[in-house]
**Student:** 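Here it is, the structure in full.
Atoms within a ligand are numbered from 1 in the order they appear, just like the ligands themselves. For reference, positions follow the sequence shown, starting with 1.
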Amino acid sequence: MTKEPDFDVLVIGAGLSGLYQAYRLREMGYTVLGVEGADDIGGVWHHNRYPGCRIDSESEVYGYFWNDELMQEWNWSERFAAQPEVLSYIHRAAEIMDIRKDFIFNAKVDKAVFDEENNLYTVGFQQAWRAPVTARFVFSALGPLSTPQMPNLPGINTFKGESYHTANWPRDPEGFGPAKMDFTGKRVGVIGVGSTGVQTIQEMAKVADHLTVFLRDPNWCTPLGNGPMTQERMDYIKSNYHEFTAKCDASLAGFPHEFIEKNLFDVPKEERDAKLEELYKGPGFSLWLGAYQDVLADPEANKYVSDFVAQKIRDRVKDPRTAEALIPKDHGFGTKRIPLETKYYEVYNQENVSLVDLHSTSITRVTPQGIETPEGLHELDVIIYATGFDAVKGSWNRIDIRGVDGVALKDEWNNGLKTYMGMQCPGFPNFFMLVGPQSGATFCNIPRCSAMAIDWLSDMMIKAKEDGVTRIEPELEAAESFTTYASKLQGKLLLGQTNSWFTGINQNIPGRDKREVLLFVGGNPRFRAYCDDVKEHDYKGYVMS
Ligand code: NA7
């Protein structure tokens with residue numbers, strides 16, 4: 001090696017994961033530069049400021065569990081916190097870690113090229129005035145849901161009114177939330193009914209003169225169960241955080257819900273119906289992640305719960321045709337991400353709300369005045385695109401990442417994604433991914449599970465420092481074996497047979513029509529066990545030199 005890098009480590013992204021990873025590496029004595037494309041910290045919570053944006057995780061388990069000071073200091077005001085509060089939490093955490101000083105902002109990475117001779121990366125930026133930086137190791141904390149995806153509708157740029165993608169929402173320059181915008185008296189159209197669309201629709205229905213929802217495939221939504229967080233409850237949580245941690249660690253996806261260790265049809269009908277009723281009314285993902293153990297795997301058990309939720313929709317939506325349009329027909333309950341709602345279905349009973357069912361019509365184009373279907377024009381003042389993301393791989397694909405022999409990561413992934421624990425890909429030494437494809441943290445309560453992955457990687461980096469390691473790379477066989485394992489686990493769940501961002505399908509992106517193994521859906525305990533086993537066996541599957 002003839003060249004020394006500018007920094008030991010470059011961390012890309014100042015969201016929850018990037019901030020913590022940068023902090024851990026700095027604390028262990030590495031020289032760290034953090035780079036962030038936006039002008040401030042917060043990641044998705046910085047960008048997604050649309051009205052109604054909030055977490056679907058119980059507030060107390062969405063955060064930095066490793067940070068006792070913050071856990072004891074912070075008081076959540078709602079059981080499911082809204083975006084401004086989550087962002088202000090991240091700002092406070094950054095203050096405690098004193099990590100902002102290690103980041104540069106408005107630095108959007110567009111290239112990371114491995115230099116084999118010197119075992120380092122040269123990282124370039126979109127901003128031409130920024131000089132490239134070299135670093136021995138790159139930790140990419142890009143976020144699995146951080147590259148907004150617009151629909152490819154003809155005429156989309158001709159619209160004369162206001163239009164917004166929810167993940168690029170105008171911000172309040174003074175505070176943590178959205179810009180002050182007034183939708184009263186306006187005709188608003190919303191495209192998209194995923195978790196984001198549902199939250200947006202609930203809020204827009206309160207203020208818009210008229211709200212038109214353009215609905216393609218409906219989702220199974222269940223009540224959020226939000227409410228104020230009392231000080232008494234907060235005090236209880238603070239004295240018992242270990243209980244909450246243990247519960248999340250034992251659960252499939254890092255939430256405080258555990259499956260009932262019985263199959264649905266083994267339970268008498270009256271008892272199981274009463275249980276489903278209780279779970280439906282329960283907080284957060286109670287019904288999704290806390291029902292009978294076979295509901296997400298057995299088609300008959302799944303149909304039973306789907307029928308139960310379909311009846312709830314029929315009970316709540318007065319017009320039977322609208323209710324039928326809102327009941328998913330293409331997938332069973334819980335096989336796609338469940339949006340959580342607060343009086344969402346009742347919105348469709350309001351006089352000022354109408355539904356355009358894109359299964360019985362289609363959007364022909366966007367015009368300067370609104371959205372056109374074969375039946376006519378829906379005149380609008382505002383169009384809100386809640387159309388999701390180029391999920392999981394998108395943010396990595398947007399960077400030209402080159403490994404050994406100049407091979408592009410994007411090309412490798414097009415030939416079949418292979419990762420070692422979702423943290424690294426063979427052929428890309430020293431390039432790490434946090435909450436990326438196939439990581440256990442991606443199908444999980446992200447701050448909880450990403451911290452697990454970060455702690456694991458940090459232990460590896462301690463060893464690398466002690467041993468003077470300058471190159472870390474997984475073996476191809478190790479990555480193939482992990483990916484096969486992740487694939488088998490995905491095959492056991494009905495979600496593996498369903499088109500959604502979980503399985504890499506996106507109708508707005510050419511070529512994204514084949515299902516992939518993008519997530520590790522085996523659950524938090526299994527993922528941890530896999531990683532621990534690798535570590536206990538002296539980082540088997542890695543070549544370190
Ligand atoms: P999602 O869950 O990907 O939802 C996107 C929505 O946008 C979904 O309802 C799509 O319908 C709809 N969509 C996209 N393009 C179109 C067009 N062209 N026409 C009509 N409807 C369209 O994104 P979210 O932001 O809600 O949530 C993503 C994750 O962020 C969420 O799971 C949480 O983990 C946080 P489709 O289903 O494709 O028919």
**Student:** What protein heavy atom is closest to atom 1 (P) of ligand 1, reported as residue, atom name and distance in Å?
**Tutor:** G388 CA, 4.2 Å
**Student:** What atoms of ligand 1 come within less than 4.0 Å of a heavy atom belonging to A386?
**Tutor:** 5 (C), 6 (C), 7 (O)
**Student:** Just which atoms of ligand 1 are under 4.0 Å from any heavy atom in P151?
**Tutor:** 18 (N)
**Student:** Hey, what do you get for CG (D249) to CZ (F65), rounding to the nearest 0.5 Å?
**Tutor:** 8.0 Å
**Student:** If every non-hydrogen atom of P154 is compared with every non-hydrogen atom of T364, which pair is closest and at what distance?
**Tutor:** CG-O, 3.3 Å
**Student:** Quick test: of every protein heavy atom, which one is nearest to atom 4 (O) of ligand 1, and how far off is it to 0.1 Å?
**Tutor:** G194 CA, 3.7 Å
**Student:** Answer with yes or no after comparing the ring centroid distance for F482 and F520 against a 6.0 Å cut-off, counting only values under it.
**Tutor:** yes
**Student:** Of all the non-hydrogen atoms in the protein, which one sits nearest to atom 21 (N) of ligand 1, and at what distance?
**Tutor:** I191 CG2, 3.5 Å
**Student:** Quick test of your reading of the model: are E85 and R54 salt-bridged, counting only N-O distances below 4.0 Å?
**Tutor:** no
**Student:** Thinking salt bridges, do K303 and D298 make one under a 4.0 Å N-O criterion?
**Tutor:** no
**Student:** Could you list which atoms of ligand 1 come closer than 4.0 Å to a heavy atom of N508?
**Tutor:** 14 (C), 15 (N), 18 (N)
**Student:** How far is atom 9 (O) of ligand 1 from its nearest protein heavy atom, and which residue and atom is that?
**Tutor:** V193 N, 2.9 Å
**Student:** Give me the nearest non-hydrogen protein atom to atom 10 (C) of ligand 1 as residue plus atom name, then the distance to 0.1 Å.
**Tutor:** R216 NH2, 4.3 Å
**Student:** What I want to know is whether F214 and ligand 1 share at least one N or O pair that is separated by under 3.5 angstrom.
**Tutor:** no
**Student:** With a 4.0 Å cut-off on N to O distance, would you call D209 and K186 a salt bridge?
**Tutor:** no
**Student:** Please list, in number order, the atoms of ligand 1 under 4.0 Å from a heavy atom of G192.
**Tutor:** 6 (C), 7 (O), 9 (O), 12 (C)
**Student:** Using a heavy-atom cut-off of under 4.0 Å, does the side chain or the backbone of L145 touch ligand 1, or both, or neither?
**Tutor:** side chain
**Student:** For R337, counting its heavy atoms only, list the atoms of ligand 1 lying under 4.0 Å from any of them.
**Tutor:** 32 (O), 33 (C), 34 (O)
**Student:** Pick from H359, H331, K329, K336: which one makes a side-chain hydrogen bond (donor to acceptor under 3.5 Å, both in side chains) with D217?
**Tutor:** H359
**Student:** Which residue supplies the protein heavy atom nearest to atom 31 (C) of ligand 1, what is that atom called, and how far is it?
**Tutor:** S195 OG, 3.4 Å
**Student:** If we set the cut-off at 4.0 Å for heavy atoms, which region of D217 has an atom near ligand 1: side chain, backbone, both, or neither?
**Tutor:** both
**Student:** Salt bridge check: are R314 and D319 linked by an N-O gap of less than 4.0 Å?
**Tutor:** no
**Student:** Check R321 with E324, please: is the shortest side-chain N to carboxylate O separation under 4.0 Å?
**Tutor:** no
**Student:** Please state which part of N152 comes within less than 4.0 Å of ligand 1, counting heavy atoms only: side chain, backbone, both or neither.
**Tutor:** neither
**Student:** Hey, is ligand 1 close enough to T196 that some N/O pair sits below 3.5 Å?
**Tutor:** yes
**Student:** Taking NZ, NE, NH1 and NH2 as the nitrogens, is one of them in D56 or R337 under 4.0 Å from a carboxylate oxygen of the other?
**Tutor:** yes
**Student:** Applying a 4.0 Å heavy-atom criterion (strictly less than), which segment of L358 is in contact with ligand 1: side chain, backbone, both, or neither?
**Tutor:** side chain
**Student:** Taking 4.0 angstrom as the limit, do E36 and K108 come out as a salt bridge?
**Tutor:** no
